[in-house]
Amino acid sequence: MDAAKKPVTVIINGRRCRADAGERILSVAIREKIAIPHLCYEASLDPYGACRLCLVEVIKRGKNEMTTSCTLWATEGLDVVTDTPDIVKHRNILFELYLAQAPKSEIIKKMAAQYGVTKTRFFKKVNPADPLGNACILCGLCVRVCDEIMGAGAITFVNRGPYTVVNTPFSEVTRDCLGCGACAKVCPTGAIRIDDLEGERVMTSWSGTRVPLVQCRACGRFFAPQALAAKTLARLTPALAGDVAALCPECRGQQIAEREIRAKTGGAGNHA
Ligand code: SF4
Ligand code: FES
C-alpha cells in the first residue's frame with residue numbers, strides 16, 4: 001500500500017477512530033456519529049472554515065489548541081476533544097450571531113436550540129425585500145458550488161459590509177444560471193428558493209431568473225433544465241444525446257429495461 005494512503009488512527013473524545021489519510025477530522029466525526037455542529041462543510045468542495053462552528057480542541061503536549069475540525073487533517077495519533085468549556089462558549093456566541101444574521105432560518109433555530117441557544121444578544125434589521133428571506137449566513141457555499149463544481153458562476157456576493165448579500169451580478173436576471181439547483185442543495189440554512197412551474201424553473205432567490213425545462217417525449221413531464229441538459233449532452237455522441245435528451249429518467253429506464261428483455265427473449269412476447 002502507498003505509505004501516503006495508509007489509514008491512520010485518531011482519538012476523538014477519547015475514542016480511537018480509523019481515518020483515511022487525507023481525511024479531515026470533521027469527516028471522521030460524521031462517519032463515527034460524533035456530534036460536531038457545522039454549517040459550511042460540503043464534502044464535494046475544499047473546506048475553508050467559514051462558519052467556525054465545527055471547533056474542536058487539539059491536545060498537543062498537554063496543551064489544548066482550538067481549531068476548526070473541517071480543515072484539520074487526520075494524522076496518526078491526533079487527539080481532539082469536541083466539548084470543552086471554551087468550545088461551548090465560542091460555539092454559543094457563534095449560534096447567537098447566526099440567529100441574528102439569519103433570523104428566519106428554521107434550520108439555524110433548531111440547530112442552536114439543540115445546543116441550548118434560543119436567544120441572541122445581537123441584532124440585525126430584518127430586510128423584507130431580502131431574496132434569501134433573511135435566512136442566509138453568507139457562508140458562500142452556493143457561490144462556490146455554482147462556480148467550482150457547475151462552472152456557471154451565476155451568483156456572487158454583492159454590496160459590502162452589513163449590506164452584503166448573495167445574488168446574481170447587479171441583482172439582475174442572469175443567463176449564466178443552469179437551473180441545476182445545486183446552490184439550494186448545499187445551502188445549510190434552507191435560504192434559497194426555487195419554484196418549478198409548468199415548463200419553467202424559476203430561481204426565485206436569484207432575481208427571478210427563469211430557466212426553461214425539457215419535456216419528456218414519452219410521458220410529457222418536464223424533467224430537466226434545458227441549459228443543464230445542453231451542457232451535459234454536448235459531451236455525448238449525437239445518437240446517444242438524442243436518446244437522452246428526449247426522455248425523462250423514468251421513461252429512459254423503462255426503455256432500457258424493455259430493450260434488455262427484448263435482447264434476452266429474442267423479441268418474443270409482449271413486454272410493454
Ligand atoms: S444562500 Fe445559503 S449557501 Fe448561499 S451563502 Fe447564504 S447560507 Fe450560504
Ligand atoms: S464547517 Fe467547519 S468552519 Fe464551517
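Start at 1 and go down the list; that is how both ligands and their atoms are numbered. Just so you know, residue 1 is the first one in the sequence shown, and it goes up from there. Note that the structure is a prediction, hence the values are computed from the model and not measured.
Taking a cutoff of 4.0 Å between a charged side-chain nitrogen and a carboxylate oxygen, Glu76 and Lys6 do not qualify as a salt bridge. Salt bridge present: Arg221 and Glu250 bring a charged side-chain N and a carboxylate O closer than 4.0 Å. Ion pairing between Arg16 and Asp79 fails under the 4.0 Å rule for side-chain N and carboxylate O.
Considering every non-hydrogen atom in both Pro37 and Arg91, the closest pair reads CG-CD, 3.4 Å. Between Pro162 and Lys124, the shortest heavy-atom distance links the atoms O-CE, 4.1 Å.
When atom types are taken as modelled, the side chain of Ser105 and the backbone of Ala102 share no donor-acceptor pair closer than 3.5 angstrom.
Each of the atoms 1 (S) of ligand 2 lies under 4.0 Å from some heavy atom of Tyr41. Within the listing of ligand 2, atoms 1 (S), 3 (S), 4 (Fe) sit less than 4.0 angstrom from a heavy atom of Cys40. Counting atoms of ligand 2 from 1 in the listed order, those under 4.0 Å from a heavy atom of Arg52 are 3 (S), 4 (Fe). The atoms of ligand 2 that sit less than 4.0 Å from any heavy atom of Cys51 are 1 (S), 3 (S), 4 (Fe). Each of the following atoms of ligand 2 lies closer than 4.0 Å to a heavy atom of His38: 1 (S).
Listed by chain and number, Cys136 SG are the protein N/O/S atoms closer than 2.8 Å to atom 6 (Fe) of ligand 1, with waters left out.
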List the atom pairs, with distances to 0.1 Å, where a side-chain N or O of residues 172-189 and a protein N or O form a donor-acceptor pair under 3.5 Å, not counting sequence neighbours.
from   : atom 1 : to     : atom 2 : distance (Å)
Thr174 : OG1    : Asp176 : N      : 2.9
Thr189 : OG1    : Ala135 : O      : 2.6

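In the model, Thr84 has no side-chain atom that pairs as donor or acceptor with a side-chain atom of Asn64 under 3.5 Å.
Counting heavy atoms under 4.0 Å from ligand 2, residue Ala50 touches it through the backbone alone.
Looking at heavy atoms from C-beta onward, Trp206 lies out of side-chain contact with Ile194 at the 4.5 angstrom threshold.
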